[in-house]
Amino acid sequence: MVVGAFPMAKLLYLGIRQVSKPLANRIKEAARRSEFFKTYICLPPAQLYHWVEMRTKMRIMGFRGTVIKPLNEEAAAELGAELLGEATIFIVGGGCLVLEYWRHQAQQRHKEEEQRAAWNALQDEVGRLALTLEALQAQVQVAPPQAALEELRAEVREVRAQLARPAPQAVSSSKM
């Protein structure tokens, strides 16, 4: 049983059952006091329940054509009130389970939306980094290779060295 696997769920179920019992007891008392409630709300389900129960028992025992007598009004009213009280407890518990299921589904949807947003942010970041990488690769391809830079530096050094030496023609023209 699923409830046995989750102690908190079982505790919650017992708590709901305890809270809904006073409501069921008030409904039972109203059924006993009100003639309308007793006649139209409690008696029909009680008689139907009695008929189904007795018919099932008779078929199990092998009596197929037996006529089932209805319950007397007092017993039917009591059984109907009990059925109504148990139905109230069941409906309250079922409603709590449905609400818990919807809450859990909403949490799951929220979690999936957060994951989807994080995934989209990561994809955007990867796209931005890919564009940056392409731009850097284009700059590297346009830039001269390292050997060409070294040759240019060597030529610049030679030109500086030549400029630092005095020119031989300039010296000879001043002596004359």
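All values below were derived from every heavy atom in this structure, side-chain atoms included, with hydrogens, water molecules and symmetry-related copies excluded.
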Close side-chain approach of Leu131 to Arg128, heavy-atom, < 4.5 Å: no
Any chance you could measure Trp119, atom CH2, to Asp124, atom CG, to the nearest 0.5 Å? 11.5 Å
Under-4.0 Å salt bridge between Arg153 and Glu150: yes
Value rounded to 0.5 Å, distance of CD in Glu74 from CG in Leu43: 9.5 Å
Contact between Arg64 and Arg59 at the side-chain level, heavy atoms closer than 4.5 Å - yes or no? yes
Looking only at heavy atoms, which two atoms of Ala46 and Ala76 are closest? And how far apart? CB-O, 3.1 Å
Would you say that Glu73 contacts Lys38 through its side chain, given a criterion of any heavy-atom pair below 4.5 Å between the two side chains? yes
To the nearest 0.5 Å, what is the distance between CD on Gln108 and CD on Gln115? 8.5 Å
Is there side-chain contact between Trp51 and Gln47, with at least one heavy-atom pair below 4.5 Å? no
So CE of Met54 and OH of Tyr49: to nearest 0.5 Å the spacing works out to 11.5 Å
Examine distances only and state if a side-chain atom of His50 and a backbone atom of Lys69 form a donor-acceptor pair shorter than 3.5 Å. yes
With salt bridge (charged side-chain N to carboxylate O under 4.0 Å, His left out) as the test, would you mind laying out the steps for Glu100 and Arg103 before giving the verdict? CA-CA 5 Å; Glu100 180 63 25; Arg103 187 185 70 79; 2.5 Å; yes
Side chain to side chain, Cys42 and Phe37, heavy atoms closer than 4.5 Å: yes
Rounded to the nearest 0.5 Å, how far apart are CZ of Arg160 and CZ of Arg157? 9.0 Å
So how far is it from Glu125 CD to Leu122 CG, rounded to the nearest 0.5 Å? 8.0 Å
Between Val98 and Tyr101, is there a shared hydrophobic cluster once you connect ILVMFWY residues whose side-chain heavy atoms come closer than 4.5 Å? yes
Can you find a pair of side-chain heavy atoms, one from Glu86 and one from Leu83, that are under 4.5 Å apart? no
I'd like to know if Ile68 and Leu48 are part of one continuous hydrophobic network [Ile/Leu/Val/Met/Phe/Trp/Tyr, side-chain heavy atoms within less than 4.5 Å]. yes
Salt bridge Arg109-Glu113, side-chain N to carboxylate O under 4.0 Å: no
